[in-house]
Structures are given as C-alpha cells and as structure tokens.
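Notes follow the structure.
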Amino acid sequence: MVFPMLRFVKGNPVQIGEQVGAFLEKEVTEVSGYNVIKGFLNIVISDTFYLDFFNGIKDKSDYGLVKESADDAVMVEYSSPNTNKPLHLGHVRNNLLGYSVAEILKASGKKVYKTQIINDRGIHICKSMLAWQKFGKGETPENTGLKGDKLVGNYYVAFDKAYKEEIATMVASGIDEKVAKKEALILLDAQQMLQKWEAGDDEVVSLWKTMNSWVYKGFDETYKNMGVDFDKLYYESDTYLLGKDVVADGIKKGVFYKKEDGSVWIDLTNEGLDEKIVLRSDGTAVYMTQDIGTAIQRVKDYADINGMVYTVGNEQDYHFKVLFLILKKLGFSWAEQLYHLSYGMVDLPSGKMKSREGTVVDADDLMNDMTQTAATISEELGKLEEYSTDEKQELYKMIGLGALKYYILKVDPKKRILFNPEESVDFQGNTGPFIQYAYARIQSILRKADFDSGTTVTLSAVEELHAKEKELIKQLQQFPETIQLAAENYSPALIANYVYDLVKEFNSFYQQVSILGEVDEQNKILRVQLSRKVAEVIESGFKLLGIEVPQRM
RNA sequence: GGCCGCGUGGCGCAACUGAAUAGCGCAUCAGAUUUCGGCUCUGAGGGUUGGGGGUUUGAAUCCCUUCGCGGUCACCA
C-alpha cells in the first residue's frame, strides 16, 4: 500500500504509513486501527463492518453469482469426440474442464451456450463400419448387451488388428512395409467406403447412421453419468463442407493466395508463423477450412455471441493460433474474443494412452471404479443407517465423482497430469470428499438447530466478534471476486482452491468455538447463520465444478 | 533445429499477475479434542522456487542466457 506511492511522494515509508494510517482511523468509520511494519501499513477493520457485510449477504441465495446479461453471450465448445470409440480419460479432463468453465462464465454474468462438434464422419468411422461388416456377424448392442460405443470401439480395434496382420503377410511375401501400409486391401476398402459415403451411397449411409446411433446412445449414458450437458450439437457431417466460400472470398480480399497448382494458402510469416494451406489443390477442404466455416456458422446461428471458447488439448495450440489469426484477418470483430482453453495431456505411469494398443483408461470404467472406492470407504465410516440401498449407491457415486472431478479440476489446466489408476485418487486432504464432508457436517448442525435462527444479529447484541468469525466472513467476502477471476482466467482451479480455503477456515472455526453449545443466544444464532452461509457457498462453488454435495456421508 | 508450454520441500499442488518469514495436502514426528459427525484441529522438521546473469526499494512472477521434460512443425484430423 505504501510502496507504490513512493514513486510520487518522496519520504520514509514508515512515516508515510503512520500518517496515512492515523488519517484513515480518524476519518473512515470502517477503520478501527492500524499499524506499520517494515513500511507496510496494516489497517484494522471494525467489527461493525464485518457484521454489516455478513447481514447483507446472509439471506442472498444467489450470493456471488452475477445475473446473466443477454447482450454478453459466449459459446463454449468441449468434448467433441470421434464416433468410432468410447470416451476415455482424456475426454474426461476435457469434459470436466469445458463444463466447469461454462458454468463459471455463466456465474460471472455471461449467457453461455454449451456446444460440441461431433466428428461423425471420416476414415476412422469407416474403419469401424468395415470391420463390423466383415467380422460383425450381425452383432448389435441389443443382442450382445454391450454399450453401443463399446461395441463400435471393438470393431475399430478389430480393424486395426486385421490391418496389421495383412501388412505382416504382405511384408512376409516380400513387399516393402511402407508400400504395404498404403496398399493393404482392407485399408483400400475403408477408403472406398469413405468415397461411397461422400457420394451418398444408400447402403453405406444407412450403416453409418445405424452405427453412429449406437454410439450416441452410449455417449449419452456416459455424459449423463458424468453430469455434463450441451445446449447445441454440431455434426461434422453437416459442417465439413463449410468454409470453402469463405476461402474464395478471402482470396478476393487478399488474405489468401492461390498457388499454381490451385491450392490456397495464407502467409503468416510476418506474424512469426508459417504458411498454412486452407484449400487443397483438388479444391477439397482441410481441417482448417472447416473450422473457419464452422466458427462463422455458429455466429450466424447465435447472433448474440461475441466470443467462443474451444476446449481442446494443447497439442493443437498451433492450429488455434492460426485459426484465430485467420479469422481476425478476415475481419470478424468477434475474432478478438476467441479463446483456446488449452489443457495438458493426461498421461499414465506407462506413458501415453493409445486406444489401438488398449492402454486407455475408459471413462465409464473409471467412474465406476471411483464409485466403488467411495463405497468401500464410506461403509466403514459413514452415518448412513437410514439410507436405502439406492440412496447409498447414489451417494457413493456423488463422492466418487466428487473425488475424481476435484482431483482433475484443482490443477491448472495448462499442466499435464500423471494419472495413476492403481493409486487412483485421494479421498483425504485437499480433495473433493474432504469438502463434501465439511458440508455434510454443517448440514448435521443445521438439522439440530431447530430454534429460530432467522433474526438479524447486531453488534450490540454480541459485543464482539470472535477472531475466527471474522476470518470466516473475510473468506466469504472473497467469493464474488473469485468467480470473476476464475471467469477471466478460464480456471476452475481458482474456484477449487477458494472452496478449499473456505473449508479449512471453517474447520478451524468449528474446532475453536462452540456453535450449538454456545450459551449466548445471539452468538449462537450468528454462528449457525455463518455455518449455513459457508455451506451455501460450498454448494454454490462446487456446482461451478460440477460436483454435488451430500446431506450425510 | 524453429516455435509453444511446463520446471516450486521426498511426492502432489498454491501464491490474488511485482511485495512482508514462498503457502497447503500426502508422508514423517509431537500434541488436542473423542456428547455440534475424528474423513477434524494445533504444532514441528523439511526450500539457495532447475542453473547463471539482469531490471527493481522489492522477483517464483518481468528480461536475457542455459539445462531438463512435453507438445508441435502434413494438400491428417
């Protein structure tokens, strides 16, 4: 407080601190004292101020949340899976991050559209389709009892196996490996199938629809379990041709240029990047073309949005840098408000996850395992006598997923996570269940507090605030600004850390002062109110992370 | 190799974007309470913030340099 002033006011920091402090104490009612240490001025805020503040928020059920303003909308994209295999751990981080950031933006006052673009076409899905045709023997989710996405994923693996076998045979008969990889019949068949799809071949399209519908059913189940949702779905099969006309337009504007072979490029060397292709020489679109077109389409679909958030792994950092730059050069005003929510990979102790090598951690399995672990722990310790089997099951899921979600979201998105399935996820210390437990404990207190705790407590009634009460109020006060900060930084980790600090503060308070045992009636009321507010903020903060809180555990 | 990101006690993470003695969890040790739910609380030990230099009254944070790890540099997505 004092040091920045030294640039303008010459003098001894300690003396200046003394002067400013004395002035504030005298002139500002909220300041009841001050001291100066090593040139840092500390001011003491009066109990009245704390209590007034608390009384102002205690009955606000939406404390900290800013009402959504219609003219400030943003679209958040996350998940966006391929439809040839089930969701895995990498998608889990993506989904949790995207969902949470969307909720945080909402809480900060923006209107938010959650979306994803489903990669439902292309060679990958043709591989699954082809393998199913060849080896499937009419298997369906119904007649096998398998989840649709798992079934289709199995055929993706089956394709790869057959493909590798064919290559091996070809190599054994003296064909060069590189050639074999390109000319294996099964691969050529898959490529042919893709061409048929693009030509609208009835049989292929029908199979494609059927198998995708299986996958969607499976995905829906996973999303539901995970607790994420979307307002609008885009499908690559609808959008993959978008963007070509924009390219033509961009050539006229001089943003792009055409090479002799007909391919179209943008030169970004002045920006320290490379040249990037936006249209192939045969006139077909590349990934970038599609993304340009899709972005523009979205703004057409939702005229109120002036920004977008793309939740995509950091291996695509370069792609998004280029994409945003292109959109700016094309002159779209909203291009300034695009953000790539880039996150680090989730690695296993064994290294990278490879779906074809079976080293992936499946999202459904992971959630089930977490629920199972939570059940084991809870059965030893829980106070759940009154709960039915179903209620218990629901609670275990709440705790298990709480642990998983918190574990992933408390880490800065940019950092990579090393995920050890054996050690799995903590349930003690800075964890979701630790916070859920604090919440459940407060609920227990509130259940017992059956007296009228609704009155407003004044300072004259309690005389003085306990140091722990002040600390709690201080912590509560930071909730609104934490939400704003988290929104500006697209960082659920800030919310997680905040809630954790609040809980630590509450636990310390709980240990030091008696709540229901307090003899002074007014004091007891205040402490119950404080506890209730803390619980509300925990619930509200956790909601932003997509984590639920239990009445008992 | 060019570009991007990350490097903080043994391990896992923080630090309000430049401030006071760099916090917290796990683990270790010592305590408290055990009739508001002990999945709790209090305390101790453990750090030259990868290394070196610089800017500043002040640097984990900004600049330069160097090392390590990862990513990315397709007419793939």
Side-chain angles (χ1 to χ4, degrees), chain A residues 1-4 6-7 13 37-40 42 80 82 119 121-124 236 240 259 261-265 272-274 276-291 312-322 342-345 347 352 377-378 380-383 399 407 410-412 414-418 420 423 425-431 433-438 440-449 478 481-482 484-486 488-489 493-494 496-498 500-501 503-504 506-518 524 527-528 531 552-553:
Chain A
M1 172 147 193
V2 176
F3 283 106
L6 293 179
R7 298 210 169 85
I37 299 167
K38 290 186 184 173
F40 286 85
N42 298 303
S80 303
N82 290 345
N119 297 297
R121 52 139 254 132
I123 191 72
H124 56 270
E236 200 189 298
Y240 79 106
K259 285 194 178 174
D261 62 5
S263 58
V264 181
W265 298 71
L273 305 173
D274 300 321
K276 189 83 189 172
I277 190 161
V278 292
L279 211 58
R280 293 194 188 100
S281 53
D282 63 3
T284 56
V286 291
Y287 184 43
M288 188 63 76
T289 327
Q290 196 187 133
D291 270 7
V312 181
N314 65 7
E315 76 271 17
Q316 294 198 39
D317 282 356
Y318 184 75
H319 173 77
F320 282 100
K321 209 183 235 184
V322 173
S342 165
Y343 59 91
M345 295 290 99
D347 292 319
K352 264 192 148 180
I377 294 174
S378 298
E380 291 169 19
L381 302 156
K383 302 211 164 190
I399 299 171
Y407 182 84
K410 76 171 178 185
V411 183
D412 186 304
K414 281 204 287 284
K415 293 191 174 173
R416 50 193 283 258
I417 293 181
L418 189 68
N420 190 330
E423 292 172 16
V425 174
D426 288 337
F427 285 78
Q428 278 175 35
N430 185 1
T431 67
F434 172 87
I435 291 164
Q436 287 171 323
Y437 173 74
R441 207 157 60 160
I442 295 174
Q443 296 312 307
S444 171
I445 293 171
L446 297 178
R447 259 179 255 125
K448 289 177 182 153
Q478 284 169 13
E481 57 197 74
T482 302
Q484 293 304 320
L485 198 64
E488 283 163 29
N489 291 290
L494 295 178
N497 287 328
Y498 167 78
Y500 176 67
D501 286 341
V503 163
K504 283 220 72 169
F506 178 80
N507 283 342
S508 175
F509 161 83
Y510 176 89
Q511 200 76 9
Q512 281 214 14
V513 307
S514 192
I515 300 169
L516 296 178
E518 171 60 39
K524 182 159 83 171
R527 286 174 187 173
V528 169
S531 304
R552 304 167 206 271
M553 66 187 278

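By convention in this document, chain letters (A, B, ...) are assigned in the order of the sequence lines, proteins followed by strands, and residues within each chain are numbered from 1. Computed from heavy atoms alone, side chains included, the values below leave out hydrogens, waters and symmetry copies.
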Name the pairing partner of [N], where a pair is Watson-Crick or G-U wobble with both distances under 3.5 Å, or state none.
N     : answer
B:G47 : none
B:U40 : B:A32
B:C6  : B:G68

With a 4.0 Å limit, can you tell me whether [X] has a side-chain N or O closer than that to the phosphate oxygens OP1/OP2 of [N]?
X        : N     : value
A:Lys415 : B:G7  : yes
A:Ser508 : B:U42 : yes
A:Asn314 : B:G5  : no
A:Tyr437 : B:C39 : yes

Which is true for [X] with a 4.0 Å heavy-atom rule: it touches a base, it touches only sugar-phosphate, or it touches nothing?
X        : result
A:Tyr510 : base
A:Leu494 : sugar-phosphate
A:Val513 : base
A:Ala438 : nothing

Study note, to complete from the structure: Taking for A:Asp412 and for A:Thr431 the nucleotide of RNA chain B with the nearest heavy atom, the one nearer the 5' end belongs to A:Asp412
**Study point:** Residue mapping more 5' on RNA chain B - nearest nucleotide basis, A:Ala493 or A:Met345
**Key:** A:Ala493
Check your understanding: Using 30° and 60° as the class limits, which term best fits the ring planes of A:His319 and A:Tyr287: parallel, tilted or perpendicular?
Key ->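 Rings of A:His319 and A:Tyr287: parallel, as their planes differ by under 30°.
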Check your understanding: On the ring face of A:Trp265, is A:Lys276 found with NZ or CZ under 6.0 Å from the centre and within 45° of the axis?
Key ->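 No, cation not above the ring by the 6.0 Å, 45° rule.
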Using a cutoff of under 3.5 Å, can you pull out all pairs of nitrogen or oxygen atoms linking the protein to nucleotides 74-77 of chain B, with atom names and distances?
| unit_1 | atom_1 | unit_2 | atom_2 | d |
| --- | --- | --- | --- | --- |
| B:C75 | O3' | A:Arg280 | NE | 3.2 |
| B:C75 | O2 | A:Ser281 | N | 3.0 |
| B:C75 | O2 | A:Ser281 | OG | 3.2 |
| B:C75 | N3 | A:Ser281 | OG | 3.0 |
| B:C75 | N4 | A:Asp261 | OD2 | 2.0 |
| B:C76 | OP2 | A:Arg280 | NE | 2.1 |
| B:C76 | OP2 | A:Arg280 | NH2 | 2.1 |
| B:C76 | O3' | A:Arg280 | NH2 | 3.4 |
| B:A77 | OP1 | A:Arg280 | NH2 | 3.1 |
| B:A77 | OP2 | A:Tyr287 | N | 3.0 |

Point to revise | pair A:Met288-A:Ile277: side-chain heavy atoms closer than 4.5 Å | key: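 When only atoms from C-beta onward are counted, A:Ile277 and A:Met288 do not touch, as no gap falls below 4.5 Å.
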Check your understanding: Mind checking whether A:Val312 and A:Ser342 have side chains closer than 4.5 Å, heavy atoms only?
Key ->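 Not touching, per the 4.5 Å side-chain cut-off.
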Check your understanding: Looking at residues at least two apart in the chain, or sitting in another chain, which of them share a side chain to side chain contact (heavy atoms under 4.5 Å, CB included) with A:Tyr510?
Key ->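 Only A:Arg441, A:Ile445, A:Phe506, A:Ile515 meet the side chain to side chain contact (heavy atoms under 4.5 Å, CB included) criterion with A:Tyr510.
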Review point. By side chain to side chain contact (heavy atoms under 4.5 Å, CB included), which residues pair with A:Asp412, not counting sequence neighbours?
Key: A:Lys414, A:Lys415
Practice item. Give a yes or no on whether the ring-centroid distance for A:Phe434 and A:Tyr500 is below 6.0 angstrom. Key: yes
Review point. For B:U17, does the glycosidic angle fall within 90° of 0 (syn) or outside that (anti)?
Key: syn
